[in-house]
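Quick note on labels: first sequence line is chain A, next is B, and so on, each numbered from 1. Fair warning: this is a prediction, and the values are worked out from it, not measured in the lab. Heavy atoms only: backbone and side chains are in, while hydrogens, waters and symmetry mates are out.
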2 protein chains.
Amino acid sequence: MKYMEFKKILDSLDSEIYREVFQENQDNIRIKKEKTAVKNFEKIFDAVFQITYEKGFQAMTMRDLSSRTNMSLGSLYAYFASKEELLSIIHRQGGSMIKNVFAKFHNPDDPPLEQLRSVIKVHIFLSEASRPWFYFTFMEAKNLDTEGRAAVLSMEEHTENMLVHILETGEQQGVFLKRNHLLTASIIKAMQQEWYLKRWKYKKRKISVDDYADYVLEFTESFCLNAEQVKYNFPDNSIGQ
Amino acid sequence: MKYMEFKKILDSLDSEIYREVFQENQDNIRIKKEKTAVKNFEKIFDAVFQITYEKGFQAMTMRDLSSRTNMSLGSLYAYFASKEELLSIIHRQGGSMIKNVFAKFHNPDDPPLEQLRSVIKVHIFLSEASRPWFYFTFMEAKNLDTEGRAAVLSMEEHTENMLVHILETGEQQGVFLKRNHLLTASIIKAMQQEWYLKRWKYKKRKISVDDYADYVLEFTESFCLNAEQVKYNFPDNSIGQ
DNA sequence: GTCTATACACAGATAGAC
DNA sequence: GTCTATCTGTGTATAGAC
């Protein structure tokens with residue numbers, strides 16, 4: 001799968017996000033018209049991502065946010081009760097979106113090698129499509145309350161466990177080598193993270209997200225794959241699609 | 001090399017750091033006695049690292065710092081002119097320390113494979129020994145002024161170029177495979193970074209820094225090493241020490 | 001729903017006694 | 001060198017007109 005295909009499928013879901021934000025917080029905000037709320041939540045979120053990328057959430061003042069959105073302070077507070085709640089809304093919303101996408105693209109009945117490739121690619125592609133959110137979550141997690149931090153950690157563990165399970169199944173089937181699968185999973189996650197934390201670097205070097213994902217796959221497979229078994233299953237050079 | 005050996009060598013240099021901080025900033029601070037300054041700079045730096053790890057530098061107030069160090073606000077301002085200058089001092093000092101250590105442990109005349117192993121290990125070991133500083137630099141880099149950010153980036157490029165050079169030399173000698181060495185270097189850096197960004201995770205799982213460094217090496221070598229050439233050079237199983 | 005004006009708290013920083 | 005007390009700016013948040 002290439003990034004463009006992924007993006008197309010994703011976009012068909014994407015428009016729902018801000019409607020969800022409105023509906024989930026309907027009781028706590030003063031805005032009643034869905035159309036207005038959706039339009040402005042999008043504007044607010046985008047501005048938060050921009051400013052936070054430049055100087056961090058703590059350093060962002062409500063006046064920064066006001067001037068970037070062209071909304072007054074008073075208006076902003078009609079959409080959320082406090083700066084801290086805004087942080088919490090962004091986190092919650094992003095988290096639920098991520099989970100949905102993963103569930104949609106993951107098929108536990110595929111053979112392990114295919115699952116491994118798919119999980120790695122989907123994670124990198126998703127972090128490309130929603131880079132502001134991934135970056136934001138990583139950098140601002142420490143500003144969350146206890147509950148929020150727990151949610152971030154549980155997500156981290158969830159994706160790691162997914163990888164471990166795939167690697168173990170593959171090992172049992174003789175496709176993957178015997179390794180410390182938990183450590184392998186952590187290192188794969190580190191490579192995925194690299195993409196959204198340092199994207200400016202790859203942009204400068206004209207490395208596309210497809211290039212990067214393929215390289216991560218190659219790196220990972222050279223370590224995990226049982227070469228004998230693979231030769232047996234794929235006698236021609238169809239490996240790597 | 002094991003972490004313990006590395007740490008012993010490092011400690012013999014380490015005691016100098018706070019004396020350097022004093023001497024380099026002697027003109028800008030009101031404290032005149034070296035002994036007092038050194039003792040308190042150490043206390044201040046440690047407190048900053050602790051608090052920043054919990055909530056970030058922006059969110060740290062001078063009053064937080066005051067109560068954590070048991071020094072009054074007035075006293076603190078005898079050691080630096082402003083909160084921003086404190087940030088700058090910490091960054092500058094750490095940067096110069098890192099460069100010294102790298103220079104001390106890197107021998108460009110060693111064979112490429114040995115250099116690769118050494119650079120990877122030294123980086124991980126150093127980030128273990130000075131984890132608060134590495135973590136601080138990564139998370140707080142965006143709060144620096146233009147000059148400071150440029151320094152961080154140049155350090156990042158410096159270590160990456162070191163790796164690229166080693167991989168190229170090795171390829172020419174037939175020890176390493178032909179790869180996109182710049183991408184390989186970036187991914188190695190991502191694996192190194194994982195250690196100091198997520199150290200709590202490995203502590204929980206009882207993975208030591210030696211375990212982790214060895215795993216990174218194994219991972220990297222399975223991708224980079226030219227298996228034929230290695231067999232030729234090391235007919236027995238002495239590989240990996 | 002959005003605005004301006006403002007309350008109130010708390011941050012960084014300094015003065016000056018000891 | 002260190003302290004307490006205090007100044008001053010700026011941040012979050014709200015009240016109330018439109």
Name the atoms and distances for all side-chain donor-acceptor pairs under 3.5 Å in residues 32-49 of chain B, with sequence neighbours left out.
residue : atom : partner : partner atom : Å
B/Lys32 : NZ   : B/Ile29 : O            : 3.4
B/Glu34 : OE2  : B/Arg19 : NE           : 3.3
B/Asn40 : ND2  : B/Tyr79 : OH           : 2.6

Check ion pair B/Asp210-B/Lys121 (N to O, under 4.0 angstrom):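 A salt bridge is absent here (no side-chain N lies under 4.0 Å from a carboxylate O).
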Pair B/Lys206 + B/Asp211, salt bridge at N-O below 4.0 Å: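 Between B/Asp211 and B/Lys206 there is no salt bridge, as every charged N stays at least 4.0 Å from the carboxylate O atoms.
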N/O donor-acceptor pair, side chain B/Arg63 with base C/dG12, under 3.5 angstrom: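 Answer is yes: a donor-acceptor pair is held.
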Whole angstroms only, please: what is the [atom1]-[atom2] distance between [X] and [N]?
X	N	atom1	atom2	result
A/Gln58	C/dC10	CD	P	15 Å
A/Ile51	D/dG11	CD1	P	12 Å
A/Met62	D/dG11	CE	P	12 Å
A/Lys35	C/dT2	NZ	P	14 Å
A/Lys39	C/dT2	NZ	C1'	11 Å
A/Lys43	C/dG1	NZ	P	14 Å
A/Phe41	C/dG1	CZ	C1'	14 Å
A/Met60	D/dT10	CE	P	18 Å

Sole candidate of A/Lys201, A/Lys204, A/Lys198 that passes salt bridge (Lys or Arg N to Asp or Glu O under 4.0 Å) when paired with B/Glu157: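 The single option meeting the salt bridge (Lys or Arg N to Asp or Glu O under 4.0 Å) with B/Glu157 is A/Lys204.
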OP1 or OP2 of [N] less than 4.0 angstrom from a side-chain nitrogen or oxygen of [X], does that happen here?
X	N	answer
B/Tyr77	D/dG1	no
A/Ser75	C/dG1	no
B/Asn40	D/dT2	yes

Under 4.0 Å, counting only non-hydrogen atoms across every strand here, what does [X] touch: a base, just sugar-phosphate, or nothing?
X	value
B/Ser72	base
B/Phe80	nothing
A/Asp64	nothing

Six-ring centre of A/Phe136, A/Arg131 cation under 6.0 angstrom, axis tolerance 45°: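 No, a cation-pi geometry is absent between A/Arg131 and A/Phe136.
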Position toward the 5' end of DNA chain C (nearest nucleotide), B/Ala81 or A/Leu73: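 So the residue in question is A/Leu73.
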Given C/dG12, D/dT12, D/dG1, the nucleotide with the shortest approach to the side chain of A/Lys83: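 Within the option list, the nearest is D/dT12.
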